[in-house]
Amino acid sequence: MAVRQKNTADVLIIGAGPAGITASIYALRAGLSVIVLDGNFYGGQAAITSQIENYPAIRSISGAVFAQQLYQQAIDLKADIRFEEVISVDFAQKMKLVTTAKHSYAAKAVIVANGVKRRLLHCSGEKELTGKGVSYCATCDGMFFRDKNVIMVGGGNTALEDALFLSNQCESVLLVHRRDTFSAEKALVDAVMARKNITIMYNSQVTKINGRHKVTSVNIYNSAQQETISTPIDGVFIAIGYAPDNHIVSDFLEMSPEGYLLASENCHTKIEGVFVAGDTRTKPLRQIITACADGAVAAVAANSYVLKQIDF
Ligand code: NAP
């Protein structure tokens, strides 16, 4: 006999990344009933990070293992994590409503921890050749380019980490960055500079990705030389950052001009019972540890809110 799942909870958490899962761990340990919803997978961006080396007390761990352990820790506490994409919310009433393509949910409190979405290059050929040589995840797709020549686009921590990861299995990596300096950590920049099979092209933008059924070459514009070159290539990896996508809550929550959600130090929003945690909010540093910290703070705030509500 099919078991009917309950669609109500003390706290509903949108997002199963480090912020959302940490929030679920804290809320469950506080004795609240919790449902976590995520349209994709657990672990968020951490799950597709090659190696994490700046999380205190964990000297080095692959992103996939980190995500799995985070998930397992919540599951051990009997977390109810469901892979359903949230399509709308209604925070107008005291009982908050959240709708996915499959179900409607009601909760006393909601923690929005929906993270950010990856940025696209928006150049010709990118969309058509995604999955045919264009990738946004070196750890997922790197193995398909063993002994091949690839391009890595971007100048932040992800691009440099991924360039190093790819250089271990690819014949060569051409790192294309639009500025003349990287924004990545110095340790990563030094490691990339020391790697023999990584070549750096500064002041350069990929303007076109060519190929019919798979990537064959790219056009790169160099702003210092003011010229475009065409380079034969097997794969194009893109890691140019992330941007918020908060349209589902935009009728209810305040946002910065860039689209990040506004919340106080303790993760409160203008709406009582709605909290915000992780990369989706305005903050000076977006890291796994700051996302986890937000998750803990938001869950404690949600618990204190739920305990005060005697008329639900
Ligand atoms: P990021 O730090 O935002 O860097 C994005 C990079 O892409 C920048 O070099 C940026 O160049 C470039 N870029 C943006 N739009 C572009 C476009 N349209 N065309 C070409 N280049 C473009 O993104 P991230 O590296 O994915 O990192 C995201 C967050 O996660 C950061 O806070 C980062 O510190 C964190 N992270 C941390 C670690 C770690 O600590 N080990 C690892 C990975 C990620 P400009 O500088 O010109 O804007």
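We count residues from 1, following the sequence as given. Atoms within a ligand are numbered from 1 in the order they appear, just like the ligands themselves.
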#### Entry: Quiz item: cation-pi between Arg178 and Tyr221, 6.0 Å / 45°
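Pair Arg178/Tyr221 does not count as cation-pi.
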### Query
So which of Asn157, Ile289, Ile288 gets nearest to atom 38 (C) of ligand 1, if we judge by its closest heavy atom?
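Going through Asn157, Ile289, Ile288 one by one, Asn157 has the nearest heavy atom to atom 38 (C) of ligand 1.
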Just let me know how [X] lines up against ligand 1, side chain, backbone, both or neither, with a heavy-atom cut-off below 4.0 Å.
{"X": "Ile52", "answer": "neither"}
{"X": "Glu161", "answer": "side chain"}
{"X": "Phe182", "answer": "neither"}
{"X": "Asn54", "answer": "side chain"}

### Task
Specify whether Phe83 and Tyr71 have parallel, tilted or perpendicular ring planes, treating 30° as the upper limit for parallel and 60° as the lower limit for perpendicular.
tilted
### Task
Go through the side-chain N and O atoms of Lys94 and Gln309 and say whether any donor and acceptor fall under 3.5 Å apart.
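Judged by distance alone, the side chains do pair up.
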### Message
Show every side-chain hydrogen bond (donor to acceptor under 3.5 Å, both in side chains) that has at least one partner inside residues 239-249, sequence neighbours left out.
### Response
Asn114-Asn246, Lys117-Asp245, Asp245-His247, Asn246-Thr280
### Task
Answer yes if Val249 and Val276 sit in the same cluster of Ile, Leu, Val, Met, Phe, Trp and Tyr residues linked by side chain heavy atoms under 4.5 Å apart, and no otherwise.
yes
[X] near ligand 1, heavy-atom distance under 4.0 Å?
{"X": "Glu185", "value": "yes"}
{"X": "Leu121", "value": "yes"}
{"X": "His177", "value": "yes"}

### Query
Taking N or O atoms only and a 3.5 Å limit, does Arg179 qualify as a polar contact for ligand 1?
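Yes, Arg179 has an N/O under 3.5 Å of an N/O on ligand 1.
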### By side chain to side chain contact (heavy atoms under 4.5 Å, CB included) - contacts of Ala291 (at least two apart)
Pro18, Ala19
